A.B. asks: 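Could you have a look at this structure, given as structure tokens, before my questions?
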Amino acid sequence: MPEDNLKQRHQGSILQAGWKINFSFGIKEDIEYLEYYAMHRMTNDRHMRIYENGEKEHLECLEPPLEYSPAIDERQREHNQHNRRVREELSYKGLL
């Protein structure tokens, strides 16, 4: 992580070895945390929050695309709704 971002608690990104990791800082219940969203085209995304006390919280990620089906079924609708909601949340936080 870039040292200036860490010192000043500024959000930013890291691009390395095929990964794009967007991160930001925040406070929840008086405990500071680092939140990140990590993406790599060869694996599933990761979304974590790491608190200053060492506690880790797994957060929702975008789901990978489903196999194509000419009929849009309930699973496809749920998948699309989930990804829309998570994308909006990540965008709002500046992590996407």
Side-chain angles (χ1 to χ4, degrees):
M1 176 174 299
E3 192 172 326
D4 284 345
N5 293 79
L6 184 58
K7 282 182 183 178
Q8 298 180 20
R9 301 302 195 251
H10 287 299
Q11 71 180 51
S13 295
I14 300 169
L15 299 169
Q16 188 172 355
W19 286 95
K20 180 174 185 182
I21 305 169
N22 298 323
F23 60 87
S24 64
F25 298 88
I27 297 174
K28 180 179 176 184
E29 299 173 3
D30 295 326
I31 302 173
E32 191 173 13
Y33 64 81
L34 164 71
E35 185 170 338
Y36 69 85
Y37 195 81
M39 300 164 276
H40 192 290
R41 68 181 182 86
M42 301 298 286
T43 187
N44 293 340
D45 295 357
R46 293 167 177 86
H47 186 193
M48 295 280 298
R49 190 177 279 176
I50 305 171
Y51 294 90
E52 66 182 327
N53 63 7
E55 181 183 336
K56 296 177 184 176
E57 181 179 2
H58 293 271
L59 302 170
E60 290 185 300
C61 294
L62 295 170
E63 294 178 353
L66 298 175
E67 278 190 44
Y68 173 76
S69 171
I72 297 178
D73 61 2
E74 186 62 25
R75 175 64 187 122
Q76 182 70 50
R77 278 190 284 282
E78 289 172 4
H79 177 271
N80 292 346
Q81 286 176 340
H82 170 84
N83 278 354
R84 250 191 309 277
R85 182 179 51 75
V86 172
R87 189 176 293 112
E88 287 173 5
E89 179 184 320
L90 292 170
S91 293
Y92 176 78
K93 293 178 176 181
L95 295 174
L96 195 60

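Predicted model, so just to flag it, every value in this text is computed and none were measured.
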A.B. asks: Among Gln76, Glu78, His82, Arg77, which one satisfies side chain to side chain donor-acceptor pair (under 3.5 Å) with Asn80?
C.D. replies: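 The option that passes is Gln76.
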
A.B. asks: Testing the basics here: between Arg46 and Thr43, what is the closest heavy-atom pair and its distance to 0.1 Å?
C.D. replies: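 For Arg46 and Thr43, the tightest heavy-atom pair comes out as NH1-CG2, 3.5 Å.
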
A.B. asks: Tracing side-chain links under 4.5 Å among I, L, V, M, F, W and Y, which residues wind up in one group with Ile14?
C.D. replies: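 Hydrophobic cluster check, Ile14: joined to Met1, Leu6, Trp19, Ile21, Phe23, Phe25, Leu34, Tyr36, Met48, Ile50.
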
A.B. asks: Answer yes or no: does atom CD of Glu52 have more than 12 heavy-atom neighbours from other residues, nucleotides or ligands under 6.0 Å?
C.D. replies: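 Yes, enclosed.
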
A.B. asks: I need the Glu35 CD to Gln11 CD distance, nearest 0.5 Å.
C.D. replies: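 Atom-to-atom, Glu35:CD and Gln11:CD are 10.5 Å apart.
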
A.B. asks: Hydrophobic clusters join Ile, Leu, Val, Met, Phe, Trp and Tyr when side-chain heavy atoms are under 4.5 Å apart, directly or via other members; which others share one with Tyr33?
C.D. replies: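 Direct or chained contacts put Tyr33 with Ile31, Tyr51.
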
A.B. asks: Grab the two heavy atoms, one from Lys93 and one from Ser24, that are nearest each other, plus how far apart they are.
C.D. replies: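 Answer, listing the atom of Lys93 first, then Ser24: O-OG, 4.3 Å.
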
A.B. asks: Taking the hydrophobic residues Ile, Leu, Val, Met, Phe, Trp and Tyr, and joining any pair whose side-chain heavy atoms are under 4.5 Å apart, which ones share a cluster with Leu95?
C.D. replies: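 Besides Leu95, the cluster holds Tyr37, Met39, Leu62, Val86, Leu90, Leu96.
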
A.B. asks: Testing the basics here: between Asp45 and His40, what is the closest heavy-atom pair and its distance to 0.1 Å?
C.D. replies: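 It is OD1-N, 4.3 Å.
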
A.B. asks: Ignoring hydrogens, what is the shortest heavy-atom contact between Asn83 and Cys61? Give both atom names and the distance.
C.D. replies: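 Of all heavy-atom pairs spanning Asn83 and Cys61, the closest is OD1-O, 4.5 Å.
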
A.B. asks: I need the Glu89 CD to Glu60 CD distance, nearest 0.5 Å.
C.D. replies: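 Rounded to the nearest 0.5 Å, the CD-CD separation comes out at 6.5 Å.
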
A.B. asks: Once you round to the nearest 0.5 Å, how far does CZ of Arg49 lie from NZ of Lys28?
C.D. replies: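 So the CZ of Arg49 and the NZ of Lys28 are separated by 5.5 Å.
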
A.B. asks: Are more than 12 heavy atoms from other residues, nucleotides or ligands located less than 6.0 Å from atom CD of Glu74?
C.D. replies: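 Counting neighbours around CD of Glu74, more than 12 heavy atoms of other residues, nucleotides or ligands fall under 6.0 Å, so yes.
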
